[in-house]
Amino acid sequence: MTQPRHKIAILVGSLREGSINRKIARSICAIRNDGLECEMVGIGDLPLYNQDYDNSPDEPESYARFRERIRAADGILFCTPEYNRSVPGALKNAVDVGSRPYGSSVWNGKPAAIVSASPGSIGGFGANHQLRQACVFLNMPVMQQPEAYLGHVNDDSFGENGLLKDGPLKQLVEKLAHAFHDWVDTIVEARAHLAARRG
Ligand code: FNR
């Protein structure tokens, strides 16, 4: 039986081109037959969120484009570094932009997974869990296992094609991608079931 495909929006918390987190995200996109239809959604063109923009003609155009891409996704995958034991500002800004205007959050109910990667040994644990905290408030069911605090990741972790080299890290990331597919599938199916039952 062919497995259902789900559209996944990937947000990378680092803006730099050579980002190890971007390379992890690309490696996940490159996994074949995993049922994930990945799209990287840029966050670098989102001006700093200002509540005065809500329902205002002054709202940056990039906000609407960003929100539409998130709305169209079945699930959200965050791949983020940790900055000063916390979520990088650019990613937090994107989370805030998507959460407003009040009552119109595009995150509501979207299944999510969080990957954090760092050359350090803690693997971005702090950023990962801070982001989880925001997801709780945003009503996003976040996959519990496998957790992905990827430590000791650096440029040597990737081949010339920019993707993860074969080895335990790649195996963990592949396991995570398959688990995430099942997680999104579970949430999407459960919602469809509930909707059908309620007519
Ligand atoms: C870092 N870095 C870092 N690493 C970490 O494990 N914990 C931390 O708190 C921080 N803090 C931090 C702050 C700032 C401003 C920078 C620029 C960097 C190091 C960081 O993990 C490393 O630069 C990664 O390579 C950044 O991720 P990308 O850009 O490669 O995805």
Side-chain angles (χ1 to χ4, degrees), residues 4-14 21-22 24-25 28-29 34-44 46 48-49 51 54 62-83 85-117 123-150 172-173 175-195 198:
R5 285 183 75 75
H6 296 297
K7 210 169 164 186
I8 304 301
I10 304 187
L11 275 71
V12 176
S14 170
N21 284 278
R22 192 176 310 284
I24 297 277
I28 291 171
C29 294
D34 60 359
L36 298 179
E37 196 180 310
C38 295
E39 182 190 44
M40 307 270 264
V41 176
I43 60 171
L46 299 173
L48 283 180
Y49 174 73
Q51 200 176 352
D54 287 1
S62 56
Y63 279 21
R65 280 197 301 273
F66 174 75
R67 288 174 184 144
E68 203 38 59
R69 291 175 80 184
I70 299 300
R71 233 181 245 117
D74 298 312
I76 312 293
L77 175 64
F78 296 101
C79 294
T80 186
E82 175 178 82
Y83 280 1
R85 295 283 179 261
S86 157
V87 180
L91 181 55
K92 181 57 168 57
N93 184 52
V95 168
D96 294 342
V97 168
S99 72
R100 293 283 161 151
Y102 183 77
S104 313
S105 170
V106 292
W107 307 112
N108 189 33
K110 302 269 182 198
I114 304 174
V115 176
S116 52
F125 176 89
N128 192 308
H129 274 260
Q130 282 198 347
L131 196 50
R132 272 174 199 268
Q133 192 173 321
C135 289
V136 170
F137 181 68
L138 294 167
N139 191 31
M140 300 174 78
V142 181
M143 186 171 75
Q144 305 295 298
Q145 295 289 342
E147 296 168 287
Y149 319 113
L150 310 178
L172 173 64
V173 167
K175 189 172 157 196
L176 178 129
H178 291 294
F180 186 46
H181 172 268
D182 289 349
W183 178 240
V184 176
D185 209 29
T186 302
I187 303 290
V188 168
E189 282 288 311
R191 292 239 169 82
H193 177 73
L194 271 179
R198 287 172 182 165

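- Across every non-hydrogen atom of Gln145 and Ala179, the tightest pair is O-CB, 4.2 Å.
- Within the 3.5 Å criterion, the main-chain N or O of Gly126 finds a donor-acceptor partner in the side chain of Glu82.
- Judged by distance alone, with hydrogens and angles left aside, the side-chain atoms of Ser116 form no donor-acceptor pair with the main-chain N or O of Tyr149 at under 3.5 Å.
- To the nearest 0.5 Å, atoms CD1 (Ile114) and CD (Gln130) are separated by 11.0 Å.
- Of all heavy-atom pairs spanning Lys110 and Pro141, the tightest one is O-CD, 3.4 Å.
- The minimum heavy-atom distance between Leu176 and Ala148, with the atom names listed, is CD1-CB, 3.5 Å.
- No hydrogens or angles considered: nothing links the side chains of Tyr63 and Asp54 as a donor-acceptor pair under 3.5 Å.
- A distance-only check finds no donor-acceptor pair linking the side chain of His6 to the backbone of Asp182 [under 3.5 Å].
- To the nearest 0.5 angstrom, Asn139 atom CG is 13.0 Å from Ser99 atom OG.
- One distance of note links CZ of Arg5 with CG of Asp185; it measures 12.5 Å at 0.5 Å rounding.
- Closest approach of Ala25 and Ile10 over heavy atoms only: CB-CG2, 3.8 Å.
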Inset, instruction - Report the C-alpha distance between Leu150 and Val173 in whole Å, list the side-chain angles of each, state the deciding distance to 0.1 Å, and finish with yes or no for side chain to side chain contact (heavy atoms under 4.5 Å, CB included). - result: CA-CA 9 Å; Leu150 310 178; Val173 167; 4.0 Å; yes
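- Checking Val12, Asn128, Leu172, Ile24 one by one against Val115, the side-chain contact (heavy atoms from CB on, under 4.5 Å) holds for a single residue, Ile24.
- Residues Ile8 and Phe180 are in side-chain contact: their nearest non-hydrogen atoms beyond the backbone lie under 4.5 Å apart.
- Using a 4.5 Å heavy-atom cutoff, the side chains of His129 and Arg132 are in contact.
- With sequence neighbours excluded, the residues satisfying side chain to side chain donor-acceptor pair (under 3.5 Å) with Glu68 are Arg71.
- When all heavy atoms of Val87 and Ala127 are compared, the pair lying nearest together is CG2-O, 3.5 Å.
- Applying the 6.0 Å contact sphere to CD of Gln133 captures no more than 12 heavy atoms from other residues, nucleotides or ligands.
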Legend entry - Intermediate values then yes/no, side chain to side chain contact (heavy atoms under 4.5 Å, CB included), Cys135 and Phe78: CA-CA 11 Å; Cys135 289; Phe78 296 101; 4.1 Å; yes
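- Looking at Asn21, its side chain does come within 3.5 Å of a backbone N or O of Ala117 through a donor-acceptor pair.
- Evaluation of the salt bridge (Lys or Arg N to Asp or Glu O under 4.0 Å) test over residues 94-105, restricted to residues two or more places apart or in two chains, returns Lys92-Asp96.
- With hydrogens and angles disregarded, a donor-acceptor distance shorter than 3.5 Å links the side chain of Gln144 to the backbone of Val142.
- Minimum heavy-atom separation, Pro81 to Gly13: CD-C, 3.6 Å.
- Ring geometry, Phe66 versus Trp107: the interplanar angle exceeds 60°, so the pair is classed perpendicular (tilted spans 30 to 60°).
- Paired with Ser105 under the rule side-chain contact (heavy atoms from CB on, under 4.5 Å), one option of Ile70, Val95, Leu138 passes, and it is Leu138.
- Rounded to the nearest 0.5 Å, atoms CG (Leu131) and OG1 (Thr80) are 6.5 Å apart.
- Between the CE atom of Met143 and the OG1 atom of Thr186 there is a distance of 11.0 Å, given to the nearest 0.5 Å.
- Judged by distance alone, the side chain of Asn93 and the main-chain N or O of Leu46 form a donor-acceptor pair under 3.5 Å.
- Distance CG/Asn108 to CE/Met140: 9.5 Å, rounded to 0.5 Å.
- For the pair Arg22 (side chain) and Ser14 (backbone), a donor-acceptor distance under 3.5 Å is present.
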